[in-house]
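Bear in mind the structure is a predicted one, so any value in this text is a computation, not a measurement. Residue numbers start from 1 in every chain, and the chains themselves are labelled A, B, ... in the order their sequence lines are given, proteins ahead of strands.
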Amino acid sequence: MSRFLRIFSLYSQHVFQYRARNFIWFLISFINPLVLLLFWQGILSKNSVLNGWTIESIRTYYLFLIAGQALLIHHVELTVGFLDIKQGELVRELLKPTSYMRTRFIAETPWRLLQGFYAFVSMIPIVYFLDVSVHISTNTAVILLAILTALNAFIISFLFKMVLGFTAFWLTNIDSLLEANDVLMFSLSGILLPLNLLPSWMQTLAQFTPYPYMLYYPISAFIGIYNTTELIQIIFAQFGIMAVLLLIYKLMWHQGLKKFSGVGQ
Amino acid sequence: MKRYLKLYLAILKISLDRFMAYRLDAFINAVFSSGIWTFFNVFSMYLVTLRVDSVFGWKTGELILISCIYNIVIGVFSLLFGRGFSEFSELIDKGKFDLFLLRPIDSQFYVSLHTAYINSLIRTILGTILAIIVINAYHIPIAPLGILFFILGCILAILLLYSLLFFINTFVIWAPRIDNVNELFYTLRSLGRYPRETFRQLHEILFVFASPFVIIMSAPTKLLLGKATTYDVLELVVITAVAFTCARLFWKFALRHYTSASS
């Protein structure tokens, strides 16, 4: 355990080394939900309720989206795809006496924590200046299940991004794949719109992807859109996605290592 | 002026040759990468406005048209400046910028335009096609004179966008590691896809900060639709002139603080 804490501490130092750079990355993910929050205020000022969303609930949704994106969405695919596989840094990782997945998970967590800290700090002026009243479910069981949904989302996001990064074993350039993923993420995870405001065909499509389970469901769970029965169903679906992703991860890792070749001394 | 024009034509030719060297790969990447974002920008605005008729006084079709125009402007902008600025922090960080300063031409000109990103033309072409589709689908009336004013507005918008990007990039001279500053700029420029009224809810200081990014797209759109007032035109001209002058002066100031990382 202390070994992992030591690794965590080392990677935390690395994260804090480039605070300004990290803050800019946070700002990038912060601006989009903020703009959509403002835009929706304009839409809902005329129509008081839209598909069950009121101006207050939609404000809370986009506010939580800022925190959710910062805390839950990993960006490990860039390290795995570009640094480790394409540039050959994986050789160094393979020689370490810990599993690759565990190292990457521990290395990525300080980034999420710092980004999450920035998100919570930036939410204060938004709540103050835009007079946003935060609507969270008052049901304890719902909150506990929402926390579990968020933890599952954290793991799903990590596994999914690792799998995306592993495609670099076979593809020479994964830029286009990552861009396609970004577009799908924006459209189907709830970044652009809450899922039930999308056309029905997109809602159906989203159910068959891991995207809404990474952001939309955890955020909606905290707002109290789902009851405990629905949340338990969502959590089981998340377990299913995790199992599938873990299987794909293992397959790709074993097959990918056979393709990988590194040069060095 | 003639010398600079000749030089830029040579840069365009070299960039085109580079694009054509691996033409199939470059074309597929250009179509896929630019195409996916062009469609997403337009489609996302369609989705956001799907359940309403108008927002902040803009009709749904007009809002989608702004997204199309965004792609047209960004396509031309990226063609001219996209790649040059994406390499800027590396030039400073690795000490390659010295070579730019030693050339007998204006450093701002060369650092901004030393390479063209041909792939971006796809974005402009797709944006134009989508704009025509949207204009027809939503029956948006367009006057021929509006198209002429729109082109002039787009030129000013690109110049304003360039001035803002150049100003932000100049900070790299002091902090070369903030290479993600361009990503931040690209996020900020996407504010232009939304009507200006969206940002009136912000604190005054933030509204003033967001305004240049917002008028970049809304002013040409208003010119195209024949809705622009004298104030809109004057505002675009004045803000562009001020931004360009500030960017130029800031660059001159920053160069005095540049310390070479090479030699």
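Closest heavy-atom contact between A:Ile24 and B:Leu184: CG2-CB, 3.8 Å. When every heavy atom of A:Leu192 is checked against every heavy atom of B:Val48, the shortest pair comes out as CD1-CG2, 3.9 Å.
Neither the backbone nor the side chain of B:Ser190 comes within less than 4.5 Å of any heavy atom of chain A. Of the two parts of A:Leu198, the backbone and the side chain both hold a non-hydrogen atom closer than 4.5 Å to a non-hydrogen atom of chain B. The contact between A:Leu36 and chain B is made entirely by side chain atoms (from C-beta outward), counting heavy-atom distances below 4.5 Å. Neither the backbone nor the side chain of A:Pro125 comes within contact range of chain B, judged by heavy atoms closer than 4.5 Å. Residue contact with chain A, scored on non-hydrogen atoms closer than 4.5 Å, is absent for B:Phe185. For chain A, the nearby part of B:Leu50 is the side chain; its heavy atoms alone come within less than 4.5 Å.
Side-chain contact between A:Met202 and B:Leu47 is present, with at least one heavy-atom pair separated by less than 4.5 Å.
Taking the six-membered ring where the residue is Trp, A:Phe39 and B:Tyr194 present perpendicular rings, their angle passing 60° and hence far from 30°.
When each of B:Trp37, B:Phe56, B:Tyr186 is scored by its heavy-atom pairs under 4.5 Å with chain A, the top score falls to B:Trp37. Top candidate by heavy-atom pairs under 4.5 Å with chain B, chosen from A:Asp175, A:Leu197, A:Asn32, is A:Leu197.
Checked against ring-ring contact (aromatic ring centres under 6.0 Å, His included), A:Phe158 has the following partners two or more places apart in sequence or in another chain: A:His74, A:Phe105.
The local environment of OH in B:Tyr46 is sparse, with at most 12 non-hydrogen atoms from other residues, nucleotides or ligands closer than 6.0 Å. Surrounding OH of B:Tyr138 are more than 12 heavy atoms belonging to other residues, nucleotides or ligands, all under 6.0 Å away.
Separating the CG atom in A:Leu34 from the OG1 atom in B:Thr187 is a distance of 12.5 Å, to the nearest 0.5 Å.
Against chain B, the residues from residues 177-187 of chain A that qualify, each with a non-hydrogen atom under 4.5 angstrom away, are A:Glu179, A:Ala180, A:Asp182, A:Val183, A:Phe186, A:Ser187 in number order.
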